[in-house]
Amino acid sequence: MKPHKLPSPALARVLTRALSSAASTTTTTQCGSAFPSKTVTTANFEPSLAELRRHVRSSYFVAIDLEMTGVTSAPWRESFGFDRSDVRYLKVRDSASKFAVVQFGVCPFRWDPSKHSFVANPYEHSFPIIGTLILVTQMFATEMGVISVDIAVSISLAMRRGYVVNGYNFYVFPRQELAGLGPCDEFLCQSTSMDFLAKYQFDFNVCIREGISYLSREQEREALRNICKFKDVRDIPLVNIADILFTARMKQKFSEWRDGLLHEQNQEDQIQEISKDSKFKVIFFEMHPALRLDGFTRHQLNLIQMVIRKHFEDLSYVSVNSETSGSQQLVVYTDSKDELDLLMKKVKEENHKEAEMKVQVAVGFRHVIDLLSSEQKLIVGHNCFLDLAHVYSKFIGPLPAAPEEFAVSVNKCFPHIIDTKILLNTNSMLQNRMKRSRKSLASAFTSFCPQIAAGSRNNDLVSLSHVKVDIEVGDSRSSSWNPGGKHEAGYDAFMTGCIFAQLCSDLGIDFKLHESSKQLALNEILQKYVNRLYLSWMHGDIIDLNTGNKVADSSPSHSLKKRYPKILFENIVIIWGFPSKLKASEVRECISKVFGPNSVISVFHLDATAVFVQFSKTELVSDFLLVKDTLERGDGAILVLHPLAKLLEGGDTCAANYDTYKEICGSPLSEGLFADQAKAVGIKWKTKLTESMVALGDEEHENPSVQRNVNTAMQNVERTRQNTIDQLRNDPSRGHVSSFDIEDSSSVAEANL
Amino acid sequence: MGPLFQLSSRRSLCTSSRWRVKQVTTSNFQESLEEIKTHISASDFVAVSMGTTGSPTAPSWLRPLPFDTDQTAYSKARRSAHRFQLLHFAVCPFSVAHPNHLIIAHPYNFVLFPRDELKTGMPAYSFSCQTSLLASMARQGYDFNACVYNGISYMSRAQESVARIRHGTALSSHRGMNTSTVFTVADTVFVERIRSRIKHWRNSCKSSDTNTKTSKHEELINSLKNIVLGSEQFRSRPCMTIDVCSERQVQLILEMLVDYSDDLLPLPVPTQNGTIHSVRIVLANSKEDKDLLERELQNFEEEESKNIRGFREVIDLISASQKPVISHNCLNDCTLIHSKFIAPLPHELDEFVSSFRAVFPKVLDVNYLMKKHGSMKKVTNIPSAISYLNNHFFAPVDLEIPDQATVKEGKIHGLDALRLSYLFMKLCSILKISPNVTESGNKHLTPELEDLTNVFHPFSALIKDSFNEDVGLWTNNTKKVSCEHLVFLWGFKFGMTAGMLKSVLRSAHDTFSGEFDVKLVDRSCAIVVFWQPGLSKEFMEIMNSEETTGGIKNLVSDGLRVTGYETYSTICRLGLWELDLAESLERASESSCRGIESKCERKSCEIHWYNDNVINLDDL
């Protein structure tokens with residue numbers, strides 16, 4: 001593409017004015033009717049599903065968003081700079097498996113080809129003009145933001161088309177519809193998340209009363225397996241007199257009835273006899289004479305079943321479950337074995353069908369997921385790794401142990417996923433436009449789709465470059481509604497979809513050429529972004545769902561990288577259980593005294609009971625663990641004098657390398673404090689030494705290694721004193737007073753030695 | 001209460017459908033607090049009942065089971081209290097008039113929500129909800145929106161003190177620290193440095209104050225200087241911040257300032273984790289101004305702590321009144337109250353009981369009262385107990401609710417506390433116990449009732465009964481079993497019933513030729529009781545020996561595992577709560593905690609075996 005001629009300054013000025021007025025409307029219009037999405041609960045789930053099916057089939061892509069009852073189960077499970085990507089995944093896994101999804105927004109976006117639609121100004125770009133667009137945008141981006149886009153688009157005013165969106169807002173609740181099957185009976189709520197939901201007027205009553213339940217694929221399989229199992233009645237030992245009498249009476253009753261049947265139909269009175277008893281009702285079942293049993297307890301029915309099996313060859317006990325008449329217990333007479341087999345087969349099939357129907361109903365909301373999966377549409381989300389983890393754990397099966405496995409499994413269900421956050425951050429052009437604003441969904445929405453965010457009532461002010469989006473509810477369409485405000489899944493999904501549509505347009509993707517969603521997903525321009533998700537946003541760790549591999553953040557200027565320098569995880573020790581008053585600076589001090597002033601790069605508080613210590617060299621990790629271990633094994637007297645004493649005070653201080661942290665994160669438990677969690681996970685040791693370290697330790701055992709450590713410690717104290725000034729200069733946060741303290745404490749340490 | 005309400009008060013005899021309970025949310029909490037204060041102080045008893053976000057029910061083994069010992073039952077209650085939060089708390093202060101069996105009750109239902117008001121992860125960072133319980137509450141018309149939006153917050157005493165420190169309202173706690181410790185050289189140096197810093201700062205502040213008539217130019221320079229030097233203000237008074245490294249230094253600064261000047265007010269600034277990193281020193285205009293500021297801060301603190309306490313105010317009122325508390329399931333309710341309003345629950349039952357009794361000296365368990373009356377052993381919920389008593393006994397109780405008319409129609413949540421008071425009166429009348437409170441200086445319960453207070457075991461009724469009078473009632477289906485005779489079995493085929501398992505076992509080994517019982521605890525695990533002493537030990541040895549043969553070998557190869565009752569005690573004590581008991585037992589046996597646990601003494605190791613306690617999986 002060649003650079004096009006820049007527009008004249010005059011034109012630019014005019015457009016500046018237009019834009020500024022548009023911007024002012026953005027801020028003022030904040031009231032009116034709510035975003036018209038369809039709220040779906042158990043009451044209207046069936047018809048809505050059918051409708052959604054139609055809309056998804058004809059859609060180009062489907063935007064989704066989830067509202068959950070929480071994100072992190074304990075403070076130490078929050079996302080930190082010290083999360084390696086596998087640990088980050090474990091944290092996400094913990095979150096997805098503990099919290100419930102309460103709302104699920106689904107927005108199928110369909111390209112509107114109809115020329116005679118009443119939608120005003122349908123909008124379309126053709127490829128070469130888009131080329132212009134991008135270039136112009138880049139040139140003007142820094143000075144004037146979005147205006148430049150308007151210039152280019154004004155050229156193609158003649159043929160505008162837009163999207164039609166159907167917003168669905170599903171209330172979901174993990175109710176158990178089938179006893180003992182389905183979602184776990186307990187879910188977690190995070191207090192702050194509940195507050196957040198309440199702040200946006202989330203309707204908890206609707207959610208709990210009418211939220212749609214679901215079964216995951218695995219749970220469905222289990223449910224179906226359970227149906228197939230034929231329930232065999234065991235022999236009940238007749239221990240008490242009542243049971244013995246009861247069985248005898250039943251035996252007599254059934255034989256009378258059977259004999260009555262056999263003696264032709266002339267002995268009506270016999271049949272009458274039994275039908276006088278209200279517990280038996282004479283009926284015909286599948287053309288066979290039968291008795292319906294009513295008002296017996298389960299135990300009694302079991303006894304009857306036993307009697308029938310033991311004493312009557314031509315009678316059989318049949319349990320029927322049907323939608324119309326509910327559960328029925330019958331005793332049926334059959335003439336021959338063949339007839340019986342035929343009957344039993346039929347009953348079994350019917351019961352099976354019935355049970356399957358029940359399971360199908362119980363599958364509930366998962367039908368929506370199955371629909372998205374089977375249609376293989378491009379799924380659009382915003383920072384959606386956690387969302388996908390939820391989708392997987394709720395509707396597919398338990399989350400796998402490693403991110404790679406997860407990626408592969410997700411890819412099987414949803415072959416095309418795109419994350420708008422990836423698009424926004426890894427594309428340099430888009431990133432430039434987002435520069436000033438934060439990258440939250442709402443701010444991206446207002447900066448990329450200002451006309452929609454403003455409610456699009458002032459059509460004349462709407463910049464022409466923007467993708468036109470109409471919302472369809474039932475048969476009517478509207479392009480005017482109240483933006484935002486309501487933080488519901490349907491609206492968030494809608495915003496995500498709009499951003500994606502706009503980004504596609506900005507990137508020059510021509511929808512006319514793409515007849516189906518599959519082609520859109522395979523679009524060359526999008527290829528760089530499809531199926532890539534942020535695993536760890538802080539480090540820019542991106543996972544490629546196609547391969548399960550980690551991809552380095554390709555963004556030209558990942559600003560976060562500067563803020564979070566690369567961490568060498570093998571240099572990290574995690575320490576927990578120390579006296580709770582200990583500050584990070586004190587931990588650093590303690591360790592620096594033993595291993596040298598430059599040994600510790602950083603100390604990070606995980607919570608009040610645990611810290612990460614990042615050493616400058618990998619060897620220091622094992623050195624530290626060894627020293628700690630030796631100190632604790634050794635004589636208490638030496639420990640008291642050692643600079644690490646402060647850290648080991650109380651005797652509950654544990655330390656290990658980074659892998660232990662991962663192990664603890666992988667546990668399904670979630671105690672409030674990390675030290676408690678480690679205890680709950682069952683960690684009994686105080687210091688985790690790797691095998692090589694243990695060998696080393698044994699070698700040194702003959703040497704007075706502790707003595708050596710004390711010596712080094714002493715040397716280090718000397719060194720610390722010399723370096724105090726340096727250290728202070730490096731650490732601007734300390735004032736005069738604390739400098740005094742450092743001097744003070746080092747002299748104390750010296751005195752002790 | 002005006003005479004109008006007295007006139008319009010209604011006496012409902014046994015039609016609980018017409019009872020109304022005053023619903024309290026954040027909007028009417030303050031006024032209701034005043035009201036209930038007078039009602040509590042005028043009452044004889046306070047009935048309480050609460051609704052949580054969950055409680056383990058069948059088929060989970062985490063619910064209290066008949067074979068639990070005091071300690072294991074407590075451990076389970078502790079787990080629930082820790083996991084779940086309160087959604088409503090019904091309080092019904094009532095007074096009784098014995099001869100004519102009249103209750104005058106003032107029922108309230110406080111709608112609660114564990115809102116994290118201070119964003120400090122309190123009362124809970126996260127909490128569990130039981131889907132089935134929420135769904136059934138929803139079916140009964142419970143308004144969750146009212147609960148989340150307008151529920152009253154709460155916080156325990158322990159949490160409040162943490163919050164105070166974190167929130168910087170721990171002003172008073174630093175007062176009156178005595179100057180006991182000896183000054184070291186370092187201390188003196190520190191104090192002198194700080195003193196000179198403060199002196200310079202104070203002088204510079206004062207001088208800029210006195211030179212008020214300076215030119216605009218200077219003013220500008222001054223304000224620029226302030227910006228550059230980072231001088232701060234606190235409630236429109238100049239202040240400076242001194243970093244400190246220890247509590248000791250905080251104390252030194254505070255002490256030094258007492259002697260130094262009248263117009264300086266030190267305020268320790270706490271950090272997120274409650275430690276103090278710096279002290280803010282505020283320069284007031286005069287001594288009066290300093291006192292004013294101090295009062296201002298104290299008022300602020302009080303307001304703040306009132307908000308922090310929230311509903312706990314009511315609990316504190318009940319506690320302060322020392323009135324006997326009536327509850328339905330004492331262990332459950334008391335562990336909840338302790339963990340939500342007092343402090344985290346200790347590990348041991350004894351510690352809990354003494355800690356709880358310090359706050360609530362007398363708790364009466366109506367459930368226990370009902371068990372005292374033998375025929376009601378199976379009635380577990382309050383409404384059915386009431387209807388049972390109404391149908392089987394003539395014991396008229398008059399209930400008077402003076403505020404009835406002020407309560408809007410249709411609000412019927414939190415009736416249980418009211419029902420409890422009614423039930424309590426009824427039971428007293430049937431059991432011929434006088435509920436009257438003798439007023440001899442201090443209020444005392446009648447000795448019969450006194451005996452029934454503070455029973456913290458859900459099944460403890462049986463222990464006393466089976467020993468004492470009511471043996472006849474119980475022996476046909478309850479036997480006392482030593483825990484030594486119990487073993488847990490797991491790893492059998494999924495879907496096996498107790499009967500199937502029993503017959504499998506019987507054919508597998510000779511130890512099962514004698515009398516034994518098998519019951520399923522949950523779908524994964526069964527408990528076996530050997531009625532012959534020594535057999536349990538023998539069986540466990542056989543299972544673990546290498547020379548097993550025949551049926552048993554087959555079962556072991558199929559995955560059957562066995563362990564003794566002490567493993568069960570261990571998992572409860574250590575809190576190895578897995579969804580399936582089998583998982584927990586497996587974890588306990590594979591980890592080394594056995595060694596640790598063996599030293600803990602085995603007390604009260606006797607349980608009671610019900611024959612009707614079969615958990616029928618077919619029914620689930």
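Model, not experiment: these values are computed from the prediction. Residue numbers start from 1 in every chain, and the chains themselves are labelled A, B, ... in the order their sequence lines are given, proteins ahead of strands.
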With a 4.5 angstrom heavy-atom cut-off, which part of A:Val71 approaches chain B: side chain, backbone, both or neither? neither
Examine distances only and state if a side-chain atom of A:Asp185 and a backbone atom of B:Ser132 form a donor-acceptor pair shorter than 3.5 Å. yes
Pairs involving residues 190-210 of chain A, ordered by first then second residue, that meet salt bridge (Lys or Arg N to Asp or Glu O under 4.0 Å) (sequence neighbours left out): A:Asp195-B:Arg115, A:Asp195-B:Lys119
From A:Asn205 atom CG to B:Met137 atom CE, the distance as rounded to the nearest 0.5 Å: 10.5 Å
Shortest non-hydrogen contact from B:His82 to A:Glu671? NE2-OE1, 4.4 Å
A:Ala100 versus chain B, the contacting section by heavy-atom distance below 4.5 Å: neither
Min side-chain heavy-atom separation B:Tyr149-A:Gln201 under 4.5 Å: yes
At a heavy-atom distance under 4.5 Å, which candidate from A:Ser193, A:Pro174, A:Ser670 has the highest pair count against chain B? A:Pro174
side-chain contact (heavy atoms from CB on, under 4.5 Å) with A:Ser191: which of B:Phe127, B:Phe113, B:Tyr125? B:Phe127
I'd like to know if the side chain of B:Ser126 reaches the main chain of A:Gln190, judged simply by a donor and an acceptor atom lying under 3.5 Å from each other, with no hydrogens or angles considered. no
Pairwise side-chain contact, A:Phe173 with B:Leu134, heavy-atom cut-off 4.5 Å (strictly under): yes
Can you name the nearest heavy-atom pair linking B:Leu579 to A:Cys184, along with the distance? CD2-SG, 4.4 Å
Contacts of B:Phe144 that satisfy ring pair (Phe, Tyr, Trp, His ring centres under 6.0 Å) - sequence neighbours left out: B:Tyr142
Take B:Asp116 and A:Thr192 through the test side chain to side chain donor-acceptor pair (under 3.5 Å) and record every step on the way to the result. CA-CA 6 Å; B:Asp116 190 355; A:Thr192 45; 5.6 Å; no
Segment of B:Arg83 engaging chain A (4.5 angstrom heavy-atom cut-off): side chain
Is A:Thr69 close to chain B through its backbone or its side chain, or both, or neither, when contacts mean heavy atoms under 4.5 Å? neither
Looking at A:Phe204, is its backbone amide N or carbonyl O close enough to the side chain of B:Asn145 to form a donor-acceptor pair, meaning the two atoms are under 3.5 Å apart? yes
